[in-house]
Number of protein chains: 2
Amino acid sequence: MAAAIGALTLRATRAGLYDRLTSGVEGVDATTYPVLSGLDRIGPATATRLAEAIGMDRTVTTRYATRLQEAGLIARRPDPSDARATRLALTADGERAVLALRDAMQSFLAEEMATWPPGEAATFALHLERLTEALAYPDTSRTS
Amino acid sequence: MAAAIGALTLRATRAGLYDRLTSGVEGVDATTYPVLSGLDRIGPATATRLAEAIGMDRTVTTRYATRLQEAGLIARRPDPSDARATRLALTADGERAVLALRDAMQSFLAEEMATWPPGEAATFALHLERLTEALAYPDTSRTS
DNA sequence: TATTGTTATACTCTATAACTATA
DNA sequence: TATAGTTATAGAGTATAACAATA
């Protein structure tokens, strides 16, 4: 299992996965993918809030956001309640891109899990989520 | 589940995991870890064969191998059967480092899985392995 | 001519710090 | 003074090409 985690987090494996996922979507690659999908997940937000949500640095987030903006997938609008802030939001093209990416991921997972006994997929997903959380937030004590 | 995979492969998550794993072991970091553990897994081997085994480029493998050699964790010896080749092998310190890393990983996993129902861990590990394999080798048809 | 190991080069990603504008 | 956004700079990682030695 440690080997599986090692392989899963290996550069080549990740690169292969995200290259396949994003190959059909113009303007998105393995680096900008988290920004796009994160923005879809939490909705329109400032760069700082988005950066926190996806575990990325503010500076990296804003730079990749610029790339996505140049590709026409997200838009910047001034925040009405704070003149310092800028609200990031998906454009119509951006939402289409998110849908395409989600479809690609889900079709891959569905194909992979087709042979699993019913119910195991749900259990697996739950475990994977918890394990990932434990990895991402090691300090959070899990005494549930 | 897609979100969990996304989070798991996110840079920050990986970096956090490997930083914690390798923090107690001198000379190993997130980049040299695959080389060290791969060499332990397949045994003494040439750089080319090791590179194939861990899904890394030859040039990267040999450079990181040099780092590990400088740290005293692996050794280079001429291949008796081929004067072009160099055999990489763990030193005694290298084997100790591998053990320490494995202990760190297993203690983390054990802690995390302590609350899981018996048997689920094994099922989970099996699924994770298959999923990872599918990600790493997309062309291999899985008609088993 | 092909392969092994290695080094050199350029490119991308990441992190730190600095800058501007506003609170 | 602090915060949001952004840009600049430097460092680390990666990939491609090139090299010498041997098959």
Side-chain angles (χ1 to χ4, degrees), chain A residues 6 9-19 22 27-36 38-39 42 44-71 74-89, chain B residues 6 9-19 22 27-36 38-39 42 44-71 74-89:
Chain A
T9 55
L10 206 64
R11 161 151 214 94
T13 304
R14 278 177 298 121
L17 168 62
Y18 284 106
D19 281 355
T22 61
V28 186
D29 60 19
T31 60
T32 53
Y33 175 85
V35 176
L36 190 74
L39 194 56
I42 69 172
T46 65
T48 300
R49 211 162 72 76
L50 177 59
E52 285 168 6
I54 62 180
M56 256 191 184
D57 197 74
R58 282 200 316 276
T59 67
V60 181
T61 302
T62 190
R63 201 174 313 120
Y64 290 169
T66 301
R67 262 190 238 171
L68 290 169
Q69 185 181 13
E70 285 166 356
I74 74 174
R76 281 185 163 92
R77 302 184 60 179
D79 188 325
S81 65
D82 187 338
R84 295 171 303 178
T86 302
R87 289 178 78 77
L88 302 171
Chain B
T9 55
L10 207 64
R11 163 152 215 94
T13 305
R14 279 176 297 124
L17 167 62
Y18 284 106
D19 282 354
T22 61
V28 186
D29 60 18
T31 60
T32 53
Y33 175 86
V35 176
L36 191 73
L39 194 56
I42 70 171
T46 64
T48 300
R49 210 160 73 77
L50 177 59
E52 284 168 8
I54 62 181
M56 256 190 183
D57 197 74
R58 282 200 317 274
T59 67
V60 180
T61 302
T62 190
R63 201 175 312 122
Y64 291 168
T66 301
R67 263 192 239 170
L68 290 170
Q69 185 181 14
E70 283 164 359
I74 73 174
R76 280 186 162 91
R77 302 184 59 180
D79 189 324
S81 66
D82 187 337
R84 295 172 304 179
T86 303
R87 288 177 79 78
L88 301 171

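These numbers were taken from a predicted model, which means no experiment stands behind them. Within every chain, numbering begins at 1; the chains are lettered A, B, ... in the order of the sequence lines, protein sequences first and strands thereafter.
Among the atoms of the strands shown, base atoms are found under 4.0 Å from some heavy atom of T62(A). Using a 4.0 Å heavy-atom distance criterion, D79(A) is classed as making no nucleic acid contact. As judged by a 4.0 angstrom heavy-atom cut-off over every strand, R67(A) is placed among residues touching the sugar-phosphate backbone only. As judged by a 4.0 angstrom heavy-atom cut-off over every strand, R87(B) is placed among residues making no nucleic acid contact. Residue T59(A) is classed as a base contact, given a heavy-atom separation below 4.0 Å to a base.
Closest to the R76(B) side chain, of the nucleotides dT14(C), dT6(C), dT6(D), is dT6(C). The D82(B) side chain lies nearest to dA23(D) when the options are dA23(D), dG13(D), dT14(C).
Between T22(B) and A30(B), the closest heavy-atom pair is OG1-N, 4.4 Å. Taking each heavy atom of R76(A) and L88(A) in turn, the nearest pair found is CG-CD2, 3.6 Å. Taking both residues in full, the closest heavy atoms of P34(B) and T31(B) are given as CD-O, 3.2 Å, listed atom of the first, atom of the second, then distance.
The CZ atom of R63(A) sits 16 Å away from the C1' atom of dA4(D) (whole-angstrom rounding). For D57(A) and dA15(C), the CG to C1' distance is 7 Å, given to the nearest whole Å. Between R84(A) atom CZ and dT22(C) atom C1' the separation is 6 Å, expressed in whole Å. The interatomic distance linking R11(A) (CZ) with dT12(C) (P) rounds to 13 Å, in whole Å. One interatomic measurement links the two molecules: CG of L10(B) to C1' of dC13(C), which rounds to 14 Å at whole-angstrom precision. Rounded to whole Å, atom P of dG5(D) lies 13 Å from atom CD of Q69(A). Straight-line distance from the OH atom of Y33(B) to the P atom of dG13(D): 17 Å, rounded to whole Å. We find that CE of M56(A) is positioned 6 Å from P of dT14(C), with the value rounded to whole Å.
When the side-chain nitrogen and oxygen atoms of T48(B) are compared with OP1 and OP2 of dG5(C), one or more of them lie within a distance under 4.0 Å.
Of the two residues near DNA chain D, R58(B) and T86(A), the one whose nearest nucleotide lies more 5' is T86(A).
No hydrogens or angles considered: nothing links the side chains of R87(A) and S81(A) as a donor-acceptor pair under 3.5 Å.
No donor-acceptor pair under 3.5 Å is formed between the side chain of T62(A) and the backbone N or O of T59(A).
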